[in-house]
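Quick notes on the structure that follows.
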Amino acid sequence: MVRYNPNEIEPRWQAYWDEHHTFATPEKVGEKKRYVLDMFPYPSGDGLHVGHPEGYTATDIVSRFARARGESVLHPMGFDAFGLPAEEHAIKTGEHPRVQTQRNIDNFTRQLKMLGFSYDWDRVLATTDEEYFRWTQWIFGVLYDTWFDHDQQKGRPISELPIPAEVAAEGELAIEQYRDSKRLAYLDDALVNWCPKLGTVLANEEVVDGKSEVGGHPVKRIPLRQWMLRITDYAERLLEGLDDLDWPTGIKKLQSDWIGRSTGGEVDFYLQRGAAGDDTGPFVAFKRARETEGFPTDPGKDCLRVYTTRPDTLFGATYMVVAPEHPLIDVLVKPEQKDEVDAYREKASFKSDRERTDGDRAKTGVFTGSHAINPADGRSIPIWVADYVLAGYGTGAIMAVPAHDERDFEFAVAFDLPVIPVVDPPADHKQRVEILAGKACFAAEGVAINSGEYDGKTTAEVKAALTAELARQGLACEAVNYKLRDWLFSRQRFWGEPFPVLHEIDSEGNATGVRRLVPDDQLPVTLPELADFKPHGRPEPPLAKADDDWLIVELDGKRYRRETNTMPQWAGSCWYYLRYIDPKNSDALIDPQKEKDWMPVDLYVGGAEHAVLHLLYSRFWHKVLFDRGHVTCPEPFGKLVNQGMILGEVEFTSFVDPSGKHVSTKDVKKDSEGNRVHKATGEPVEIVALTEEQVVKKGEGFVLASDASIKVVSRAFKMSKSRGNVVNPDSVVRDYGADSLRLYEMFMGPLEATKPWAMNGVGGVRSFLDRVWRMIIDEPEDELKLSDAVVDTACDEEQLRVLHQTIRKVTEDNEAMSFNTAIAKMMEFTNHFTRCETRPREAMESFLILLAPYAPHMCEELWKHLGHNESISLQPWPEWDEAALVQASIEIPVQINGKVKAKISLSPDAKPNEMGEAALADAAVQNAIGDKKVVKTIAVPGRMVNLVVK
RNA sequence: GCUGCUGUAGCUCAGGGGUAGAGCGCCUCCUUGGUAAGGAUGAGGUCAUGGGUUCAAAUCCCAUCAGCAGCUCCA
């Protein structure tokens, strides 16, 4: 009895592949190359999750398939190994993050090998390797050394930055400061989440509702000097570059929304000094100056500059709002308002960006006491401060047009500010009357009213005309804005890449303001050894705790203090795809010829959760490297596929009220705090789990078996430790084998879909593999022996057709990454051939090559038993023969008025008229026609006949 | 609120203007005391709903409903 035993077969073949370097990347790239990349994992302490192997299996199939077709394949794997969990573990236990990280990497490696992926393990890397982050630091140096030339839309060396004469006149220090203000990597004061109680700075994800996730202590937003990357300079290029990428449209849209390009205008509102009407003199002077000098780059302190996408609604601007952090706020606030404004700003500082921009919050704000003059009509309008205006977008100030902007309208209602409609909605608009009365808001386009000489013009016309007129007066100019912000690139953490930056200090140890990069030949800057990893209680990075022999550096006779921030986790993942190509290069981040040979990545597979940040950051770095001549392709990832999430097993749940009575899901709603309550009584309800026996299908959903009026919830949930529905790949491999796990993950459904796990589905594909085994091996025999049905004769016509249909389907589906359908076809093949008395060897062998990318261990084993000494992974992919696909005679349906009434047998190349005749000759057809008349005959060769009768 | 995706067998999913499919599950029968068995049969579908286009719609178009996911004060 020799049964299929994956636990014995799989480790043996994994060892064989390792030993023979079966999947080594070819040194020389052949005619066609394919770079197949997985998003590398963060090696968490929990090990692989069944979600990981989904994408990895897909890319593995693509890689094995491509190799079989003679392509040169690069298919590497690595680890995104810096990150918070290891550091938290270190704080708790004192164990160095490096130790835990290595342990996790080892475990991940074991699991990945256990699944039989054909990675080139000689190229494995971790972002925490010193030889890797040496080049991460080096790339930071490139960013530091680059400025963005907006005219050329290109990053250029800082040495080529034109220095304005007035700067040059001030000397070296001024020139250096000017350069610093243009570098792609620059220092700025950014807000961090400082938790005084914990004595540490927190990452955004560690802050929940303005409190620390750990302990629930208040978190304050305080400014800290930090590194920023000027990704906004690349906004336009990042947006345009999307066009040519073979990415899911959803992801492209997410990125383009994230970049958020909008066009509009910037408009200056003159700040009124005294009471209304007092400003005629200075205001006239201001206007006259503007008319001659034009619109200045820097608005100065005389006016408040706003950005608007609707300059056509200027006549409807009834007040203005500045962000709590607006730089002019101290000028704007009148003494009698100061206390109130200060209190408001203090309160706002405790809110995270997230909170301030969250949902349908009621609008808050405070009057500053100042007024500005509306340039359209000279009206005096009040200036408020409110946190619904963000300091970081546009100019940090808006003109509020409550009649035509929802947010402004809400604010105006809350604070009783006037609403003046200036756009007449289309006549058939439901709320037109309310809108015209200032009782409702209308944000779309229409015809101008209450807008002086512009009345009657369309929104587009007013926009153009009014902007032009204000531009002529030097009060406005067209402007483009992006939602995208510069990338806050430093973290106050230990477990990250140190910056290769030195700050000069004087003999007293005080910073002089001069900075320099660590010279390339002194990279990498490694992490210092710390006695412990506990926070030191100041809003500074943990590296500041390091000893002076790390912290203080002498170079060229000057003393420097090292930068103590570290880079964010994103840094290492921004360029790892380049390093795989040349992982051991100690002279450069990548060899230029190898870069040309392998880039760009042909297929990149990973989760949609990285749709925006990782992919945008990578593209940004890549474009900088491209501009600086280090890479030759403008985009790193040609084709991108997102695998869907794998959910836990489907669960049935119901709700019970406090008395323990079941409540139908129809009668449950969420209250304002998100708790589930009974719709009618408002009583809280509790979720209870149900077994399969307790429910029964009814219509669209499920109901309680004991009471059909109670609808229950039937759905799968995200796998989570707390829910206890996590499936562990180790146990699946132990119980079913790696090939079954691989096959099941692919058979669950389309790669991109979200799908629930079902353990009996794994059993299903396992029995398919058992069937394949028995199709070839004589299982009842004690000695391993081929089945007697496997013979050396040729296929009969039907077998040949089934074989070639299968070759075609699997080939085409592999290309299209439609793995589930390819598997279904291979199941059909197996069903057909196991029913055959004889199974020609040629068919079995071709089939095994088709199945090998999916279930490589088993196919290697069967291939060997069929008498081959060479790995099946090295066999060429079979080709299908069109001639074998055609049938001598096929069944054609005959429809009467579009309904199938009979079937006739015909040659596949019968002509339409022959088909019509054959159909009419059929007794069943005649019967169906009865005494009606055939008025039309439609015959589609090879498909069907339709007779239209009356 | 906005955006996107999805509604096909009890479940998970293919297909896609012209014959309704796979795996799992289920019924019946057969084989088998190494068996998380195997084999053979069969049942089960108004292709979410309502319109439209067409000789013909599950498929294309429009609307509606339901589910899921993501985003959301960006002026």
Side-chain angles (χ1 to χ4, degrees), chain A residues 1 3 248-251 253-254 257-258 260 262 264 306-310 313 321 356-361 363 386-390 392-401 404-408 410-411 443 481-485 608-609 611-612 644-645 647 650 692 696-697 699-702 714-716 735-736 744 747-750 752-758 760-768 770-771 774 779-780 813 818 820-825 827-828 831 834-835 890-900 902-903 935-940 943-949:
Chain A
M1 194 73 184
R3 307 183 58 226
T249 47
I251 301 293
K253 191 170 179 304
L254 274 175
D257 286 354
W258 188 265
S262 72
V306 302
Y307 171 71
T308 177
T309 54
R310 290 294 298 271
T313 60
V321 183
R356 282 171 55 170
T357 59
D358 226 15
D360 320 306
R361 274 191 39 239
K363 299 273 177 295
D387 66 3
Y388 82 93
V389 171
L390 306 173
Y393 184 78
T395 60
I398 62 159
M399 64 175 208
V401 185
H404 305 292
D405 181 284
E406 294 283 354
R407 299 151 299 183
D408 296 345
E410 266 179 53
F411 191 83
N481 250 296
Y482 301 92
K483 283 201 231 175
L484 183 68
R485 304 296 153 79
E609 67 274 20
V612 176
M645 204 192 332
L647 306 174
V650 173
E692 229 171 302
V696 63
K697 173 94 174 174
E700 288 243 293
F702 287 83
S714 142
R715 57 167 290 194
D735 295 344
Y736 298 90
Y744 175 66
F747 190 55
M748 290 173 84
E752 296 89 340
T754 302
K755 314 156 275 254
W757 186 269
N760 63 12
V762 187
V765 295
R766 168 62 194 266
S767 63
F768 162 63
D770 282 326
R771 249 184 341 263
R774 284 194 307 269
E779 204 176 70
D813 285 351
S818 175
N820 54 333
T821 54
I823 294 168
K825 190 71 196 174
M827 286 174 169
E828 286 179 45
N831 288 346
T834 44
R835 277 183 211 125
I890 55 171
E891 196 173 63
I892 296 278
V894 180
Q895 300 176 344
I896 309 290
N897 287 346
K899 300 274 173 277
V900 177
K903 286 165 190 177
V935 292
K936 195 171 176 187
T937 303
I938 298 124
V940 183
R943 300 304 295 267
M944 49 65 68
V945 178
N946 187 18
L947 302 172
V948 184
V949 303

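Below, chains carry the letters A, B, ... as their sequence lines are ordered, and counting in each starts from 1. Predicted, not measured: the structure shown is a model, and the values here were computed from it.
Counting to the nearest Å, the C1' atom of B:G70 and the CE atom of A:Met645 are 10 Å from each other. Rounded to an integer number of Å, the gap from CD of A:Glu828 to C1' of B:A22 is 6 Å. Between A:Asp813 atom CG and B:C13 atom P there is a gap of 18 Å when expressed in whole angstrom units. Atom-to-atom, CD of A:Gln895 to C1' of B:A58 comes out at 14 Å; the value is rounded to the nearest Å. Counting to the nearest Å, the P atom of B:C73 and the CG atom of A:Leu390 are 8 Å from each other. One can place CG of A:Asp770 at 11 Å from P of B:C24, the figure rounded to the nearest angstrom. Spacing between atom CD of A:Glu406 and atom P of B:C73 amounts to 14 Å, rounded to whole angstrom units. For A:Ile938 and B:A56, the CD1 to P distance is 8 Å, given to the nearest whole Å.
Picking from B:A75, B:G18, B:G23 the nucleotide with the shortest atom distance to the side chain of A:Met827 gives B:G23. If you check B:G23, B:G39, B:A36 against the side chain of A:Asp735, the one that comes closest is B:A36. Distance from the side chain of A:Val948 is smallest for B:C55 among the nucleotides B:G70, B:C55, B:C73. Here the nucleotide nearest the side chain of A:Arg774, chosen from B:G39, B:A75, B:A22, is B:G39. The A:Lys253 side chain lies nearest to B:U3 when the options are B:A75, B:U3, B:G38. Each of B:U3, B:C55, B:C73 was ranked by its minimum atom distance to the side chain of A:Asp387; first place goes to B:C73. Proximity note for A:Arg771 (side chain, C-beta onward) versus B:A22, B:C55, B:C24: the nearest is B:C24. Side-chain proximity of A:Pro756 to B:U12, B:G18, B:A75: nearest is B:U12.
Using bins of under 30°, 30° to 60° and over 60° for the plane-to-plane angle, the ring pair A:Tyr388/A:Phe411 lands in the tilted bin.
Using a 4.0 Å cut-off, no side-chain N or O of A:Thr937 falls inside it from OP1 or OP2 of B:C55. The side chain of A:Ser767 contributes an N or O atom lying less than 4.0 Å from OP1 or OP2 of B:C24. Proximity of A:Arg766 to the phosphate of B:G23: no side-chain N or O atom is located under 4.0 Å from OP1 or OP2.
For B:C13, its base never sits under 3.5 Å from the side chain of A:Asn820 at any donor and acceptor pair. For B:C13, the base has no donor-acceptor partner in the side chain of A:Lys755 [N/O atoms by modelled type, under 3.5 angstrom].
Taking atom C1' in both B:U19 and B:U72, the straight-line distance is 49 Å, to the nearest Å. Separation of the P atoms belonging to B:A20 and B:G44 is 15 Å when rounded to the nearest angstrom. Only the P atoms considered, B:A48 is 32 Å distant from B:A40, to the nearest whole Å. Spacing between B:U6 and B:C62 at atom P, rounded to whole Å, works out to 14 Å. Comparing B:G70 with B:A9, their P atoms sit 26 Å apart, to the nearest whole Å. Rounded to whole Å, the C1' atom of B:G15 lies 14 Å from the corresponding atom of B:G45. Annotation: B:U46 and B:A58 have their P atoms spaced 13 Å apart (nearest Å). Taking atom C1' on both B:C47 and B:G17, the two are 14 Å apart, rounded to the nearest angstrom.
Projected onto RNA chain B by closest heavy-atom contact, A:Gly761 and A:Thr395 fall at different nucleotides, the more 5' of which corresponds to A:Gly761. Mapping A:Lys483 and A:Leu254 onto RNA chain B via the closest heavy atom, the residue that lands nearer the 5' end is A:Leu254.
Using Watson-Crick or G-U wobble geometry with both donor-acceptor distances under 3.5 Å, B:G38 finds its partner in B:C30. If you check B:U19 for Watson-Crick or wobble pairing at under 3.5 angstrom, you find it has no partner at all. The nucleotide B:G4 finds its pairing partner in B:C68, both defining distances of the Watson-Crick or G-U wobble pair being shorter than 3.5 Å. Across every strand in view, B:U49 sits in a pair with B:A63 that passes the Watson-Crick or G-U test at under 3.5 angstrom. Across all strands shown, nothing is found opposite B:A58 as a Watson-Crick or G-U wobble partner with both distances under 3.5 Å. Under the Watson-Crick or G-U wobble criterion, with both distances below 3.5 Å, B:A9 has no partner in any strand shown.
A:Asn831 comes within contact range of the sugar-phosphate backbone alone, with a heavy-atom separation under 4.0 Å but no base atom that close. Nucleic acid contact class of A:Lys825 (heavy atoms, under 4.0 Å, all strands): none. Within 4.0 Å of A:Phe747, counting heavy atoms only, lie sugar-phosphate atoms of the nucleic acid but no base atom. Among the atoms of the strands shown, only primed sugar atoms or phosphate atoms (P, OP1, OP2) are found under 4.0 Å from some heavy atom of A:Ser262. No engagement by A:Ser818 is indicated, since no non-hydrogen atom pair under 4.0 Å with the nucleic acid exists.
Counting only heavy atoms from C-beta outward, the side chains of A:Asn820 and A:Ser818 approach each other to under 4.5 Å. Taking the side chain as every heavy atom from C-beta outward, A:Met748 and A:Trp757 approach each other to under 4.5 Å.
Salt bridge annotation for A:Arg774-A:Asp770: absent, with no cationic side-chain nitrogen under 4.0 angstrom from a carboxylate oxygen.
Taking OH from A:Tyr307 and CG from A:Asn481, the interatomic distance works out to 4.5 Å, rounded to the nearest 0.5 Å. The NZ atom of A:Lys936 sits 9.5 Å away from atom CG of A:Asn946, with the distance rounded to the nearest 0.5 Å. Once rounded to the nearest 0.5 Å, the distance linking NZ of A:Lys363 with CG of A:Asp408 reads 9.0 Å.
When all heavy atoms of A:Met399 and A:Arg310 are compared, the closest pair comes out as CE-O, 3.6 Å. Between A:Ile398 and A:Val306, the shortest heavy-atom contact is C-CG1, 3.4 Å.
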